[in-house]
Amino acid sequence: MSSHLIRITLPDGKVLEFKRGATVADVAAAIGPGLAKAALAAELDGEVVDLGRPLERDTGLRIITERDPAALSLLRHSAAHVLATAVRQLRPGAQIGFGPAIDEGFYYDFGVEAPFTPDDLEAFEMEMERVVQANHSFERHRVTKEEARGLFQDDPLKLERLEELGDDEVITVYRDGPFLDLCRGPHVPSTGRLKHFKLLSAAGAYWRGDERRPMLQRIYGTAFFKAEELDQHLERLEEARKRDHRVLGKELDLFLVDQRVGSGLILWRPHGAIIRSEIEDYEKELIRRHGYEIVYTPHLMNERIFEVSGHLENFAENMFGPVEIEGTRFRPKPMNCPGHICLYQAAQRSYRDLPIRYAEFGTVYRNERSGVLHGMLRVRGFTQDDAHIFCTEEQVPSEIGALLDLVDEMLRTFGYPYSIELSTRPEKALGTVQQWKGAEDALRSVLEARGLDYRVEEGGGAFYGPKLDFKLIDAIGRSWQGPTVQLDFNLPERFQIEYVGDDNGRHRPVMLHRVLVGSMERFVGGLIEHYAGAFPLWLAPEQVRILPISEEWIAEASACADLLRGRGVRAFLVERDSLSYRIREAELRKVPYMGVIGEREAADGTVAVRTRGAGKKQQVMERGAFLDRVLEGIRTRSLGLEA
RNA sequence: GCUCCGGUAGCUCAGUGGUAGAGCACUUCCUUGGUAAGGAAGGGGUCGAGGGUUCAAUUCCCUCCCGGAGCUCCA
């Protein structure tokens, strides 16, 4: 009877028939012995399931092997179970929390008396090896809620989770050898599939991320299918560690934090200040070309303006407390928008004036909890390259288009590839659904008109308007928050800003907030890591270091340095110690060019140019030609060095 | 803010219940050098701060401050 047979449709369209109840593994075996061995799981009409899952009805089926992008998180989720298995072996009293796969690996949270030590991690890792050796199958069992309560009676965290599940939900548990977990699955077929993994760190984490709940101990680890991939990942972590902007910032004298000044407050040293001011100069040139006007507004403002803007209502916990001056309370500004609105309102605006684009390198102060401060990346005082565009609704598309050009030009200059995210209306939102839809469509259609790829973050917008986020990808593949553009329906209302239209009536303009680098502090911190401290010529605090071979050639070398300095090049003479010593020093400081001058160069008016990272491959050239090369590299803001 | 780990010279770090050491950096002298450390001598520390235990504390205990890894949050 055909009712005993089910039809399985493979991705290539081929249809196979099986007895009802045949498992995914049976299908894989039927397709071929190679696939049977490689199979980890399968996707059934969009749902990922275990190999052991019996098939009950006609369905589409795709076998998932190591090569499938979905496979890695499967492996890592299973790795988390193997970790928990090992921890339970060594610490039978450990309560189990959650253990998911995450972007770069997995973690598992445990409730234990004492925190884990590095030695514990090593022991767990060895125990995990044993669990892998034992090659326990991951067995999936459907249970009733009542059965589950019994199974996890000693695991209060699991019971809490269990009680949240609806009565009609399918509840499953997974067993691998001695370990049983409440888990939706799916998993790889057995623990033996986990071959290349490493535990990385342990730290406290609140149960369910809630600081009012108990703190659990979280162990992070990662896992891969191939040894090389794991090695590569570990190397990448090592590389990230070497690029740490706090370490390089110290080594290269870029910035410091002084506890006499306070946590989260950055002091820019001269070399760091050069980088920042070069970026600011570049950006000023860029935005003037794009029709912005530069403004300045005060750091301290009467707190009443933050009542109007709504900041005291919505942002108070991030604002520093008031300073009282002659009975009036002032606050350090947490954002620049209110000031820019005052500037807008300084005159009656006509539609002919719009768009108005005010830009400011505006320093703002935000009270961040001490635990989140991190070098230049998370601070309490920072300077935004902020701008507010006041325009009519009809002008929004062209303004967005212009911003896309601006962002693209800027990110190319710094050598960042990027991706775009569109965030739409959240649950709690100001303005009408109509208004939001119009704004979102405007953003969408501009992106689509340009054929740009973007991801939609449903409900990810701010309460006052939708936004575009640009995510930067750095030199070692990490993602950073980049430029953002936000539409704002809120502040124009709150401040009652207006313009006079061609109908001689009063209208409300649309307000766009945008930043390019975001915060100078965070951006420069990110750049330090992106370039690993080896800045492109135009940003390098010291662009050329001139090295006389011996004291005899100081005058000659000095003339060469003067030639460069006379044209604005940051060139410096270093005369002491041996040449080898000075070359080593310049390489460590990541100076783009070294110019060596000795007897030969003095005789024919040349300079022996050594390029950063190029080793002994020096090039002897006319000093004028060298100057031209340096000036050209600076002028074009070239990312590479011409050797 | 919370949990854990840490704080010794400008930097990176070792060390000890009897008031401290290395390398680099710094200063001086010698060396006058050809592409990633030439040689020597010297200066420099309330061992994060305060309190306690002890004959004696940088070391052990407590409190606080600061930093780090996370949680949460974010430009």
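The model shown is predicted, which means the values in this text are computed figures rather than measured ones. Every chain is numbered from 1, with letters handed out A, B, ... down the list of sequences.
Between the CD atom of A:Gln259 and the P atom of B:rC65 there is a distance of 12 Å, given to the nearest Å. The distance from atom OH of A:Tyr365 to atom P of B:rC74 is 22 Å, rounded to the nearest whole Å. At whole-Å resolution of the value, CG in A:Asp577 and C1' in B:rC24 are 13 Å apart. Taking atom CD of residue A:Glu552 and atom P of nucleotide B:rU31, one finds them 15 Å apart after rounding to whole Å. Distance A:Leu216 CG to B:rC4 P: 13 Å, rounded to the nearest Å. Between A:Ile554 atom CD1 and B:rG34 atom C1' there is a gap of 16 Å when expressed in whole angstrom units. Per the geometry, NZ belonging to A:Lys471 stands 11 Å off C1' belonging to B:rA75, to the nearest Å. With rounding to whole Å, A:Phe98 atom CZ is found 16 Å from B:rC71 atom P.
Across all strands shown, A:Tyr220 has heavy atoms under 4.0 Å from sugar-phosphate atoms exclusively, and none from any base. When heavy atoms are screened at a 4.0 angstrom cut-off, A:Glu599 is found touching base atoms of the nucleic acid. Among the protein residues, A:Gln481 comes within range of the sugar-phosphate backbone only, with heavy atoms under 4.0 Å from sugar or phosphate atoms but none that close to a base. Using a 4.0 Å heavy-atom criterion, one finds that A:Ala202 contacts no nucleic acid atom at all. Among the heavy atoms of the strands lying under 4.0 Å from A:Gly204 is at least one base atom, whether or not backbone atoms are also near. Among the heavy atoms of the strands lying under 4.0 Å from A:Gly209 are primed sugar atoms or P, OP1, OP2 only; no base atom is included. In this structure, A:Val379 reaches the bases: a heavy-atom distance under 4.0 Å links it to at least one base atom across the strands shown. Using a 4.0 Å heavy-atom distance criterion, A:Thr484 is classed as making no nucleic acid contact. Within the nucleic acid shown, A:Arg246 comes within 4.0 Å of sugar-phosphate atoms alone, with no base atom in reach, counting heavy atoms only.
Taking a pair to require two hydrogen-bonding distances under 3.5 Å in either a Watson-Crick or a G-U wobble arrangement, B:rA14 remains unpaired. Across all strands shown, B:rU54 forms no Watson-Crick or G-U wobble pair with both key distances under 3.5 Å. Both distances falling under 3.5 Å, in either a Watson-Crick or a G-U wobble arrangement, occur for no nucleotide opposite B:rU35. As the counterpart of B:rC47, no nucleotide is assigned, since no Watson-Crick or G-U wobble pattern has both distances under 3.5 Å. The pairing partner recorded for B:rG70 is B:rC2, the criterion being a Watson-Crick or G-U wobble arrangement whose two distances lie under 3.5 angstrom. Pair assignment for B:rA41: B:rU27, on the basis of Watson-Crick or G-U wobble contacts that are both within less than 3.5 Å.
Residue A:Ser550 places no side-chain N or O under 4.0 Å from the OP1 or OP2 atom of B:rG34. Using a 4.0 Å cut-off, no side-chain N or O of A:Arg582 falls inside it from OP1 or OP2 of B:rG34. Look at A:His374 and you'll find a side-chain N or O under 4.0 angstrom from OP1 or OP2 of B:rA69. Between A:Arg576 and B:rC26, a side-chain N or O to OP1/OP2 separation shorter than 4.0 Å is present. Contact annotation: A:Arg610 side-chain N/O to B:rA36 OP1/OP2 distance is under 4.0 Å. Of the side-chain N and O atoms in A:Tyr581, none sit less than 4.0 angstrom from OP1 or OP2 of B:rU31. Not one side-chain nitrogen or oxygen of A:Ser580 sits closer than 4.0 Å to the OP1 or OP2 atom of B:rU35. Between A:Ser370 and B:rG1 there is a side-chain polar atom (N or O) within less than 4.0 angstrom of OP1 or OP2. Proximity of A:Lys250 to the phosphate of B:rU12: a side-chain N or O atom is located under 4.0 Å from OP1 or OP2.
The side chain of A:Val372 sits closest to B:rG1 out of B:rG1, B:rA36, B:rG34. Distance from the side chain of A:Glu368 is smallest to B:rA75 among B:rA75, B:rU35, B:rU3. Closest to the A:Glu601 side chain, of the nucleotides B:rC11, B:rA36, B:rG34, is B:rG34. When distances are taken from the side chain of A:Ile583 to each of B:rU35, B:rG38, B:rC73, the shortest belongs to B:rU35. Considering only side-chain atoms of A:Arg600, the nucleotide from B:rA36, B:rG70, B:rG34 that sits closest is B:rG34. Comparing B:rC2, B:rG68, B:rA36 by their nearest atom to the side chain of A:Lys616 picks out B:rA36. Closest to the side chain of A:Arg366, from the set B:rA75, B:rU72, B:rU3, is B:rA75. Nearest nucleotide to the A:Leu579 side chain, out of B:rA36, B:rG34, B:rC71: B:rG34.
Nearest-nucleotide positions on RNA chain B place A:Met215 closer to the 5' end than the other of A:Asp210 and A:Met215. Nearest-nucleotide positions on RNA chain B for A:Ala203 and A:Leu377 put A:Ala203 closer to the 5' end.
You won't find any donor-acceptor pair under 3.5 Å spanning the side chain of A:Tyr107 and the base of B:rG70, going by distance alone. The base of B:rC73 sits within donor-acceptor range of the side chain of A:Arg378, with an N or O pair under 3.5 Å. Side chain A:Glu551 to base B:rU32: a donor-acceptor pair is found below 3.5 Å. The base of B:rC74 sits within donor-acceptor range of the side chain of A:Arg522, with an N or O pair under 3.5 Å.
In this structure, A:Asp103 places its CG atom where only 12 or fewer heavy-atom neighbours from other residues, nucleotides or ligands lie under 6.0 Å away.
Using a cutoff of 4.0 Å between basic side-chain nitrogens and carboxylate oxygens, A:Arg88 and A:Asp155 are scored as salt-bridged. A salt bridge is absent between A:Arg514 and A:Glu360; no separation between the charged side-chain nitrogens and carboxylate oxygens falls under 4.0 Å. Between A:Glu368 and A:Arg380 no salt bridge is recorded (no basic side-chain N to carboxylate O distance below 4.0 Å).
One finds the CZ atom of A:Arg570 at 13.5 Å from the CZ atom of A:Arg545 (value rounded to the nearest 0.5 Å).
Taking atom P on both nucleotides, B:rA36 is separated from B:rU46 by 39 Å, rounded to a whole Å. Distance check on atom C1': B:rC13 versus B:rG7 gives 12 Å, rounded to whole Å. Here the separation of B:rA25 from B:rC61, taken at their P atoms, is 37 Å to the nearest Å. Distance noted for atom P between B:rA49 and B:rG10: 13 Å (whole Å).
A donor-acceptor pair is defined here as one N or O able to donate and one able to accept, closer than 3.5 Å; no such pair exists between the side chain of A:Glu421 and the backbone of A:Glu457. Under a 3.5 Å cut-off, the side chain of A:Asp210 and the backbone N or O of A:Arg212 do form a donor-acceptor pair.
The heavy-atom pair separating A:Glu303 from A:Pro322 by the smallest distance is OE1-CB, 3.7 Å.
In summary, of the residues considered (A:Arg494, A:Gln486, A:His513), a side chain to side chain donor-acceptor pair (under 3.5 Å) with A:Tyr464 occurs for A:Gln486 alone. Here the options are A:Arg612, A:Lys616, A:Arg610, A:Arg582, the test is salt bridge (Lys or Arg N to Asp or Glu O under 4.0 Å), and the partner is A:Glu587; only A:Arg610 passes.
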